[in-house]
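Below is one structure, written out as structure tokens; the observations come after it.
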Amino acid sequence: MRSPSRIWVRASIAAAALAIAGLAPAAALGAPQQAPPRKPGNGESRRAAKVGAAVRTVISKYGIPGVIVGVWQRGEAPIVEAFGSRTLDLATGRIGPPDMNPDLFMRIGSETKTFTATAVLRLVEEGKVGLEDPISKYVKGVPNGNSITIRELGEMRSGLVDFSDNEAWEAEYLAAPTRGWAPRQLLAASFSLPPAFAPGQGYEYSNTNYVLLGLLVEKVSGEGIGPYVERHILAPLHMEDTLFAAGAEFPKPHADGYTLEPLERTVVNTTRWNFSWAWSAGSMISNPFTHATHNFVRKKWIELDCTGM
């Protein structure tokens, strides 16, 4: 997902493709299972070598401390590999020991949207929400709320501007990155800007859409979005190492994160920054790569997200 500064440089990058509408995993979980990919052969080894060479080139070019890469392609053997270090010494600029590995907790960013969308679709399946319902039925005070449908929010076709595009909000966030943010504060930053287009008349990626969907889940279910996701999605699927983070919490082991802070133009450690600003659009944490191998459901979740099948 886009960060407030839009120039994140993280110590670790979890590569996963996001389904365009954010709705594919829930629909696909009921689809017939695909045949397992064939075991790696010479072709797959060459493919993995090309991926590794490309990653090392990027690491060297941009001075990235470490990266975890996962590649899933239909009919191909998965590639999961770690490069570099979890840490960077900001005083000396030295990269830490080569201790990056796939068995780390990661902030999974906009992959959170796939869980929020699944929560919405679960309520749709129960007959409690309609995809063609206007968001005003559940959340008041939304610009064009009588015309924006739940489907358009999920497909990023509402026209609502991303709250992180509000420069005043961005400056306030960067001035105090450890403070918490309530969903309504995020929406206020978005709603103070004019819509980008009329509902359904364009496409623009906006975290605002999924903050609204998170509020919808809370309104209809009577539960917080975090507890709802954990109780109705994560627990039944035994995804114990995935959680909905409310703020700055970050289980160990994990890699540190860094960004070029735009106000001071210096690299800072962002590991303990508060991620409540991302909420139902991007605050979740997981240990996805190890469990992509050892947990069938988690493996399928990642594969479905990457392939759309």
Side-chain angles (χ1 to χ4, degrees), residues 1-18 40 44-73 77-112 177-178 241-243 245 248-262 264-275 278 282-295 298-299 301-303 305-306:
M1 69 182 302
R2 292 186 299 178
S3 73
S5 65
R6 294 181 288 277
I7 51 173
W8 285 101
V9 180
R10 291 195 56 78
S12 47
I13 300 173
L18 182 65
E44 283 81 0
S45 297
R46 288 193 295 271
R47 176 169 156 266
K50 288 181 179 179
V51 170
V55 171
R56 290 185 181 91
T57 298
V58 171
I59 287 176
S60 176
K61 181 177 180 178
Y62 295 103
I64 298 172
V67 174
I68 300 173
V69 173
V71 179
W72 286 264
Q73 289 177 290
I79 298 173
V80 177
E81 192 169 353
F83 303 81
S85 175
R86 304 184 202 176
T87 57
L88 170 69
D89 187 327
L90 294 178
T92 65
R94 290 177 182 156
I95 294 175
D99 58 358
M100 185 68 84
N101 68 79
D103 189 15
L104 298 174
F105 283 96
M106 310 293 295
R107 298 195 186 279
I108 62 173
S110 279
E111 285 299 300
T112 302
T178 59
D241 289 340
T242 300
L243 65 146
E249 63 266 36
F250 203 169
K252 293 182 178 181
H254 59 73
D256 281 3
Y258 305 88
T259 190
L260 178 62
E261 206 282 331
E264 302 294 334
R265 304 301 297 172
T266 57
V267 176
V268 295
N269 189 310
T270 64
T271 308
R272 295 302 172 191
W273 283 19
N274 192 309
F275 268 71
S283 71
M284 288 181 69
I285 293 170
S286 187
N287 186 337
F289 289 98
T290 291
H291 292 275
T293 301
H294 299 296
N295 181 296
R298 193 179 310 241
K299 178 175 183 290
W301 190 282
I302 293 175
E303 288 181 349
D305 205 16
C306 290

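For the numbers below, each heavy atom of this structure counts, side chains included, while hydrogens, waters and symmetry mates do not.
- No side-chain donor-acceptor contact under 3.5 Å links Ser110 to the backbone of Gly282.
- Pairing each heavy atom of Thr112 with each of Ser283, the nearest pair is OG1-N, 3.4 Å.
- The closest side-chain heavy-atom distance from Val268 to Trp273 is below 4.5 Å.
- Taking the side chain as every heavy atom from C-beta outward, Leu243 and Met284 never approach each other to under 4.5 Å.
- Residues Lys252 and Phe105 are not in side-chain contact: their nearest non-hydrogen atoms beyond the backbone lie 4.5 Å or more apart.
- Side chain of Thr57 to backbone of Ala53: a donor-acceptor contact under 3.5 angstrom is found.
- Taking 4.5 Å as the limit, every side-chain heavy atom of His254 sits out of range of all side-chain heavy atoms of Ile285.
- Both tests hold for Arg107 against Phe250: distance to the six-membered ring centre under 6.0 Å, angle to the ring axis within 45°.
- Ser85 places none of its side-chain heavy atoms less than 4.5 Å from the side chain of Pro98.
- Closest of all the heavy-atom pairs between Leu104 and Asn287 is O-OD1, 3.4 Å.
- Here the closest heavy-atom approach between residue Ala77 and residue Arg47 is recorded as O-NH1, 2.9 Å.
- Inter-residue side-chain proximity for Val67 and Glu81 is flagged as unmet; no heavy-atom pair is nearer than 4.5 Å.
- Among all heavy-atom pairs drawn from Arg86 and Asn101, the shortest one is NH2-ND2, 3.2 Å.
- Met106 places a side-chain heavy atom less than 4.5 Å from the side chain of Ile68.
- Here the CG atom belonging to Leu88 is positioned 5.0 Å from the CG atom belonging to Leu90, to the nearest 0.5 angstrom.
- Of the inter-residue distances, the one linking Asp256 atom CG with Thr271 atom OG1 reads 3.5 Å to the nearest 0.5 angstrom.
- No more than 12 heavy atoms of other residues, nucleotides or ligands sit less than 6.0 Å from atom CZ of Arg94.
- At least one side-chain heavy atom of Val58 sits less than 4.5 Å from a side-chain heavy atom of Ile64.
- Not counting sequence neighbours, the partners of Val51 by the side-chain contact (heavy atoms from CB on, under 4.5 Å) test are Val55, Val69, Val71, Ile79.
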